[in-house]
Amino acid sequence: MTVRVRVIPCLDVANGRVVKGVNFVDLQDAGDPVEQAKAYDAAGADELCFLDITASHENRDTIIDVVRRTAEVCFMPVTVGGGVRTADDARALLMAGADKVAVNSAAVARPEVVSDIATRFGSQCMVASIDARQVEPGRWEIFTHGGRTPTGIDAFEHAVRMADLGAGELLVTSMDRDGTRDGYDLELTRTIADAVSIPVVASGGVGNLGHLIEGVTKGHANAVLAASIFHFGEYSIADAHEALRAANLSARS
Amino acid sequence: MIRAKVMPFLRPRGNLVAETIALIDFGAGNLHSVHNALKAAGAEGVSVTSDPERVRKADRIVLPGVGAFGACRDALAAIDGMVSALEERALHAATPFLGICVGMQLLADKGIEFGEHDGLGWIGGTVKAMKPGSAAIKIPHMGWNDVIPTEGHDLLEAGEAYYLHGYHFEVADARDILAKTDHGGPLVSAVGRDNIVGVQFHPEKSQAYGLAFLKRFLEWKP
């Protein structure tokens with residue numbers, strides 16, 4: 001056996017409350033990220049991703065508190081993305097209990113933040129988050145600020161640069177597919193995954209379990225991220241693991 | 001030491017509540033996660049400490065660690081008297097000792113990561129960058145993978161645990177390898193000798209498997 005394909009549910013959090021999250025279990029407080037994280041920990045998620053979509057940077061303490069409270073009761077790896085601008089932002093999250101931090105807009109504006117974080121805390125915790133849209137066949141461009149702002153930067157070149165600067169993982173989200181339930185942009189995922197020696201997480205567009213399998217077999221991803229299919233209880237984490245195993249992929253038992 | 005001689009009859013045997021676990025604080029990123037997991041595994045007397053005197057009085061010692069070998073080694077060495085207190089307890093007083101991730105790698109003779117750095121030298125070998133055997137093998141080794149015990153050990157049971165590392169421990173004496181895993185070839189998952197054990201995986205992030213492992217460590221009588 002080798003390292004398992006990771007199934008990663010993602011929770012969007014704004015101002016310390018879940019915006020898009022679980023409604024398949026009876027939670028005392030469905031808006032509490034910690035309650036939701038506990039549900040996924042119990043369900044055997046391989047990792048959890050918190051995406052902090054809080055608009056202002058003044059509110060950093062809120063997501064740090066969410067991470068700290070999550071780490072007190074959840075014993076699974078947690079990646080936190082959104083609003084990480086500096087190595088000190090990363091440090092605060094890691095010390096609170098995050099295992100990895102995902103850097104997006106800041107790594108576009110100031111790529112050296114990636115090497116800052118990798119040098120201080122290790123590549124293993126430095127995730128470069130890449131939001132891309134297709135601009136012509138076989139070419140994708142980086143968009144920042146939740147996919148709204150074009151940068152003119154080639155997504156493939158940016159991904160390779162992130163890996164060269166010391167990122168330990170790439171979280172590749174197709175902004176074209178995000179929310180469509182049409183499946184990952186497999187060509188985007190594969191193009192990047194085949195060019196780097198670090199793990200790649202496929203993201204954006206999952207509507208069924210077949211999409212998770214495709215993310216690995218056709219997208220060459222090492223981990224598959226999804227939100228709504230898990231949150232709405234259509235499929236459990238165990239269903240996802242079973243589907244991956246049935247496709248002869250390595251997944252947790 | 002005085003306490004150990006005078007007090008034992010006052011301390012219920014096998015009662016975790018009465019034990020002190022020194023969790024070494026040298027600024028490692030997984031410090032609080034390990035603390036939380038130890039508590040969840042049943043430990044109540046966890047002392048998060050950078051005080052060598054508290055280490056000397058502890059019944060068990062846990063050394064966390066993530067990130068770069070040299071940075072962790074320097075941070076540990078920067079605490080006056082800490083390395084000698086650890087050696088006194090782990091090497092000479094047979095105090096149960098657990099190193100996690102870089103806390104395990106620090107047991108090596110040396111680490112080659114951003115230069116060459118001396119380790120504690122308790123377990124012979126060198127920590128080196130992992131070399132992918134093929135393009136399909138991604139580094140860092142990130143995710144859930146097997147723990148395959150090499151032979152019977154009280155703490156190590158076969159199962160799946162979470163790994164997150166780009167460097168690995170090449171152990172000099174195969175007898176010091178307690179468990180292996182596989183990522184494009186065999187990798188050392190756990191090392192140890194006598195009262196010392198180190199694990200490459202993260203028990204604090206390995207859900208039920210990890211908490212059960214920590215519980216066994218808390219009850220371990222090597």
Side-chain angles (χ1 to χ4, degrees), chain A residues 1-8 41-47 67-68 70-78 90-91 93-100 117-127 166-170 193-201 220-223 241 250-253, chain B residues 27-37 39-41 65-69 71-72 101-102 113-114 129-146 148 159-167 181-185 187 202-211 214:
Chain A
M1 290 285 272
T2 182
V3 71
R4 315 294 189 261
V5 172
R6 285 167 285 146
V7 176
I8 308 174
D41 193 26
D46 296 316
E47 290 181 8
V67 173
R68 183 177 297 112
T70 301
E72 282 170 8
V73 291
C74 292
F75 304 99
M76 69 179 148
V78 176
R91 181 178 190 281
L93 291 167
L94 296 169
M95 291 308 293
D99 301 278
K100 299 185 265 185
I117 292 171
T119 307
R120 278 181 66 184
F121 312 113
S123 287
Q124 86 290 334
C125 75
M126 172 56 234
V127 182
E169 183 171 59
L170 300 177
D194 286 354
V196 297
S197 61
I198 58 176
V200 167
V201 184
H220 299 177
N222 307 94
H241 283 153
S250 170
R252 268 170 91 197
S253 48
Chain B
N30 59 344
L31 178 72
H32 297 294
S33 295
V34 172
H35 187 193
N36 291 328
K39 286 191 286 189
V66 291
F69 186 99
C72 285
C101 194
V102 179
E113 181 173 1
F114 301 117
M130 295 168 65
K131 293 272 185 289
S134 77
I137 300 299
K138 300 296 184 104
I139 309 292
H141 176 214
M142 187 182 282
W144 294 78
N145 206 337
D146 297 299
I148 307 164
E160 293 169 310
Y162 189 82
Y163 295 81
L164 184 59
H165 63 115
Y167 290 74
T181 189
D182 190 295
H183 185 57
L187 278 181
H202 287 274
E204 77 279 16
K205 294 290 177 174
S206 296
Q207 293 172 340
Y209 178 88
L211 295 183
L214 290 174

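Just so it is clear: chains get the letters A, B, ... in the order the sequence lines come, proteins before strands, and each one is counted from 1.
The contact between A:D46 and chain B is made by backbone and side chain atoms together, counting heavy-atom distances below 4.5 Å. Neither the backbone nor the side chain of B:A208 comes within less than 4.5 Å of any heavy atom of chain A. For chain A, no part of B:I148 is nearby; none of its heavy atoms comes within less than 4.5 Å. With a threshold of 4.5 angstrom between heavy atoms, A:R6 approaches chain B through side-chain atoms but not through N, CA, C or O. Residue contact with chain B, scored on non-hydrogen atoms closer than 4.5 Å, is absent for A:A167. Interface residue A:V196: backbone and side-chain heavy atoms are both found under 4.5 Å from chain B. For B:A71, no part sits under 4.5 Å from any heavy atom of chain A, backbone or side chain.
Within the 4.5 Å cutoff, the side chain of B:Q207 has heavy atoms near those of the A:M76 side chain. Between A:C125 and A:D99, the closest side-chain pair of non-hydrogen atoms is not below 4.5 Å. Side-chain contact check for A:Q124 versus B:I139: every heavy-atom pair is 4.5 Å or farther apart. No side-chain heavy atom of B:K39 sits less than 4.5 Å from a side-chain heavy atom of A:E72.
Not a single donor-acceptor pair under 3.5 Å links the side chain of B:K138 to the backbone N or O of A:E169. Proximity of a side-chain donor or acceptor of A:R252 to a complementary backbone N or O of B:W144 within less than 3.5 Å is not detected. At distances below 3.5 Å, not a single donor-acceptor pair connects side-chain atoms of B:T181 with backbone N or O atoms of B:L187.
Here B:L164 is the residue among B:V34, B:I137, B:L164 with the most heavy-atom pairs under 4.5 Å with chain A. Looking only at heavy-atom pairs under 4.5 Å with chain A, the residue among B:E204, B:E113, B:M142, B:H35 that has the most is B:M142. Interface remark: of the candidates A:A98, A:A96, A:S253, A:S253 forms the most heavy-atom pairs closer than 4.5 Å to chain B. Heavy-atom pairs under 4.5 Å with chain B peak, among A:A71, A:S197, A:A223, at A:S197.
The aromatic rings of B:H183 and B:H141 lie parallel to each other, with less than 30° between the two planes, well short of the 60° mark.
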